[in-house]
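The figures that follow rest on heavy atoms only: side chains count, while hydrogens, waters and symmetry mates do not. When a ligand or atom number is given, it counts from 1 through the structure's own listing order.
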Amino acid sequence: MLFSNITVFNSDGEILPRHFVLVEGEKIRYLGLEDPRSLPEFEEIAEAEEIYDGSNKGMIPGFVNAHCHVPMTLLRGYGEGLALHDWLEDRIYPFEDHMTEEDMYWGSLLGIAEMLQSGVTSFNDMYMRIEGIGRAVLESGIKANLGRSLAGGPNDKFKLTAAYRETEKALELSKTSNGLLVIDAALHAEYSSAPSLAGELLDYAKERKLRMQVHLSETLKEHEECKIRHQGKTPTEYFADLGLFDLPTVAAHGVYLEDSDLEILRDYDVTLCHCPTSNLKLGSGIARLRAWKEYGIRISLGTDGASSNNNLNMLEEITLASYVQKGVERDPLFLSTAELLKMASFNGALSQGRSDTGSLAAGMAADLTIVDFSAPHMQPVYDPTDNLFTTAQSSDIALTMVNGKVLYRDGSWPTLDIEQIIRQAQRIRDEKLELIRSGS
Ligand SMILES: [Zn+2]
């Protein structure tokens, strides 16, 4: 596929108007001002399969949703209007108890469709019954780093947990995925896991050379109660002492991180994932992005699950992150478009250990998104950069490509049966409500 006359927005802030981008197989083969059909080294591809007219369109590296629980699309809107504790205890946990691996599969496909429509080409996920999520990833063609979230008490032994069994099975599944699916270790959080269990997971992850996903200092309660439980240590200090950050880690939320925590995180290979919608909706607070930046920490962006957002729209997440932080900092220049794009693509890719994606250049994986600037709300255009994370909506995403394959284009998903996925989501909703009502 050859994209012609397109404005390329790269994750390093570079803007390249009227460029040509040639995708061959899974990779970007050429990116430049010249039409490759006129260059001798590209003679053999003179007939590209499709010429995509890029006028009035922009190409960006695909977004990486760096923190998600994708099957929670099935819980979208279930139990709204309740305080956090009642919502979890009365609604979310009972529903989750009834969710089968098959439900995870359908819920994941629903969420993947939504993410592709908002320009996401890869995501981090931590949940349960993850083989169903893995199957959905492989069928759809999106990329994902998937962890089986572990929680438990001091009497639990990791190798006897479902988390261990599921991770082992998912590792098998990932072997045939051509790198689309990467299996991580995942610890739910400090407050939901005993140190001995977390330590066993850590040993296992080191042995298997896995990366780590974790929730970190999401709420003030969690942050302060950790100090009481662990001799004054913050969750970051506790995890650092445990050795968790010896593994490359993505830590989600970080709303209550202290300066001393940021110093620790800077010294390890930890990517923080900012989840502004979830933090606002659950009343958790607003993360200190200026401090994160000042400490030189790698910052990524994530939607969290659809029950605390309530969508998986990365474009909306980026715009919200931008506006909230500008408001809090009383600084309209804080977080430029270039910085936001880097957070949402390149940094997310690094958080997954994927060095061949997250930016647009010859030799990189063809993981990219096309934004259409022709809708009324996008016009007129003075500087297209300014329209990206201010006026663009996910309806302006015209195409999402992963590893050179078009997975979303103009309202359709070539690898997914969207009507069937929606029917299944509605069936699961009805069945779970009946199960919960009947008390079984
Ligand atoms: Zn989460």
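Screening residues 311-351 for ring pair (Phe, Tyr, Trp, His ring centres under 6.0 Å) gives no qualifying pairs among residues at least two apart or on separate chains.
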Side-chain donor-acceptor pairs under 3.5 Å in residues 58-77, sequence neighbours left out?
unit_1, atom_1, unit_2, atom_2, d
Asn65, OD1, Thr303, N, 2.9
Asn65, ND2, Thr303, OG1, 2.8
His67, NE2, His69, NE2, 3.2
His67, NE2, His215, NE2, 3.0
His67, NE2, Asp304, OD1, 3.2
His69, ND1, Met126, O, 2.5
His69, NE2, His215, NE2, 3.4
His69, NE2, Asp304, OD1, 3.0
Thr73, OG1, Val70, O, 3.3
Thr73, OG1, Gly107, O, 2.7
Arg76, NH1, Glu114, OE1, 3.1
Arg76, NH1, Glu114, OE2, 3.4
Arg76, NH1, Asn310, O, 3.0
Arg76, NH2, Glu114, OE1, 3.0

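Listed by chain and residue number, the protein N/O/S atoms under 2.8 Å of the Zn ion (ligand 1) are His67 NE2, His69 NE2, His215 NE2, Asp304 OD1, with waters left out.
Residues Arg423 and Gln420 bring a donor and an acceptor atom of their side chains to less than 3.5 Å of each other.
Salt-bridge check for Glu80 with Lys281: passed, with a basic side-chain N closer than 4.0 Å to an acidic carboxylate O.
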Test log, rule salt bridge (charged side-chain N to carboxylate O under 4.0 Å, His left out), inputs Lys227 and Glu224: CA-CA 5 Å; Lys227 294 182 189 169; Glu224 292 303 322; 3.3 Å; yes
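With sequence neighbours excluded, the residues satisfying side-chain hydrogen bond (donor to acceptor under 3.5 Å, both in side chains) with Ser438 are Ser440.
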